[in-house]
Q: 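Handing you this structure, nothing more for now.
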Amino acid sequence: MLDRLFLSVPSRIIGGWGSRKELAPLLQRMGHKAALIVTDRFFSQQTALVSELQASLTASGIESLVFDGGIPDPTVEVCLEAQKEIEQKGWRERIDHVIALGGGSNIDLAKVLSILVKYGGTPQDYVGEGRIPGQPLPLIAIPTTAGTGSEITAGAIIVDSASATKVAVMSNDLRPAIALIDPELTLSCPPNVTADAGLDALTHALESYLTQDSTEFDRGSDPDPVYAGCNELTRMFAAESIQLCFAHLNTAYVRGTDRPAREAMAAASLYAALSYGSAGLNAVHALAYALAGLTHASHGRTNAVYLPYVLDALRDIRRDDLAHIARSIGETATDPDELARRLVIRTRNLVAECGVPVSLAEFGVKESQLPDLIKNGLAVTRLTKAFPIQPAEVVYERIVRNAFAGTLDAERKI
Ligand SMILES: NC(=O)c1ccc[n+]([C@@H]2O[C@H](COP(=O)([O-])OP(=O)(O)OC[C@H]3O[C@@H](n4cnc5c(N)ncnc54)[C@H](O)[C@@H]3O)[C@@H](O)[C@H]2O)c1
């Protein structure tokens, strides 16, 4: 059970309705004096959250500077703009911690700033794995969407405008010091943000549950890997997350004011990240990065469109795992093949119910673009190498062509 166990997480995970109010006294107790708050204009101009946060920090003897220039899918330029603003305002030497308020985009921007404020340089200096010289400034991540899990993970994803692709800064030192999950913050998410983020969480949970086992995962000679394959602990979190997503995502999407559904999805996102943040991901994300490069559609959508087809491709090799998951979400067939088949179809149906395209053709992809999508997905070797079917060329081709046509092999056998 404990064979090749690996779990790397923030040192404090705090959650609950209104739990954001517990933050300032905790930061005071930890000895912090000056915060950089990283957010976007929705939160600074259309909600009272930023002013309330600043007031509570002031009451705890902590001064704060707000950067509210966050954008969806932050770019290298936005990181540099924030860095310049901090320098110009004379805050660089004062800031001793960073607070991220927002979705995965603002959290990733804050992660990069936690490095740049301490060590200088440019974001590109740190792209790749293990390139940060040491601990960045302590980061407190307060997610306002339920999906990315960036508040737990070791990565920051930014857009490198020079190549128009997403690049990752990865290190276990980049994991936030505190992840604060207050489901109340997700109540204002519009349906499309709820759907995209929630399907991202479901993808994280399913993909990391089914990824290569930690006993087979190639860590190379890295003594401190970011990802290390799935193990008993990560699978416990993933299994719980999958059940929560199937039970509550549709309600959160259709009725955003439903508090139990919002709380369940906040938990689902957290648990998924506690799984994939150490186990890692594979084909869905590799293929989705290539699709995002082509269409610039949101991260959650580009994942969701591939998820059913990747599960479909795994029905033979991971049949028992798929059957186990199907049972956990209420399927009652006795034949494992039938259970696996039903899980694939249930997943595709959930994606469709959330208003997300279920085929690449619906995304506007042309058949002539499929070879590049396959090639670029295969090129994300850090993910592709963990896919349970190796070599991956033939199966990636089948996944992409099925996804283009919207055809599930699982359905052909009806
Ligand atoms: N670092 C990681 O581990 C990791 C993992 C997955 C995804 N990501 C990244 O996260 C990003 C996607 O994040 P996301 O899905 O959370 O969306 P997002 O952060 O890009 O936000 C999307 C939009 O929703 C708005 N929004 C966020 N919370 C809201 C709320 N409570 N009420 C109203 N509007 C709200 C934002 O202002 C923004 O306009 C992508 O850039 C992706 O690459 C990072």
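Along the sequence shown, residues carry numbers from 1. Ligands are counted one by one from 1 in listed order, and the atoms in each one are counted from 1 as well.
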Q: N/O to N/O below 3.5 Å, does that happen between Pro72 and ligand 1?
A: no

Q: Starting from atom 2 (C) of ligand 1, which protein heavy atom do you reach first, and at what distance in Å?
A: Thr153 OG1, 3.5 Å

Q: Can you tell me the protein heavy atom closest to atom 29 (C) of ligand 1 and the distance?
A: Phe43 CZ, 3.6 Å

Q: Give yes if a backbone or side-chain nitrogen or oxygen of Asp200 is under 3.5 Å from a nitrogen or oxygen of ligand 1, and no if not.
A: no

Q: Any idea which protein heavy atom is nearest atom 9 (C) of ligand 1, and the distance to it?
A: Asp108 OD2, 3.6 Å

Q: Checking Arg175 against Asn172: is there a side-chain donor and acceptor pair closer than 3.5 Å?
A: yes

Q: Counting from 1, what ligand 1 atoms have a heavy atom of Thr148 closer than 4.0 Å?
A: 5 (C), 6 (C), 7 (C), 10 (O), 12 (C), 13 (O), 14 (P), 15 (O), 16 (O)

Q: For atom 5 (C) of ligand 1, which protein heavy atom lies nearest, and how many Å away is it?
A: Tyr276 OH, 3.3 Å

Q: May I have all residue pairs that pass side chain to side chain donor-acceptor pair (under 3.5 Å) and include part of residues 131-149, sequence neighbours excluded?
A: Gln135-Asp173

Q: Which of the numbered atoms in ligand 1 are under 4.0 angstrom from any heavy atom belonging to His299?
A: 6 (C), 7 (C), 42 (C)

Q: For Lys166 and ligand 1, does the shortest N/O to N/O distance drop below 3.5 Å?
A: yes

Q: For ligand 1, find out whether one of its N or O atoms is nearer than 3.5 Å to an N or O atom of Pro190.
A: no

Q: Is it the case that the side chains of Ser298 and Asp196 hold a donor-acceptor pair, with the cut-off being a distance below 3.5 Å and no angle test?
A: yes

Q: Could you tell me the residue and atom name of the protein heavy atom closest to atom 37 (O) of ligand 1, and the distance to it rounded to 0.1 Å?
A: Asp40 OD2, 3.0 Å

Q: Could you tell me whether some N/O pair between Ser188 and ligand 1 is separated by less than 3.5 angstrom?
A: yes

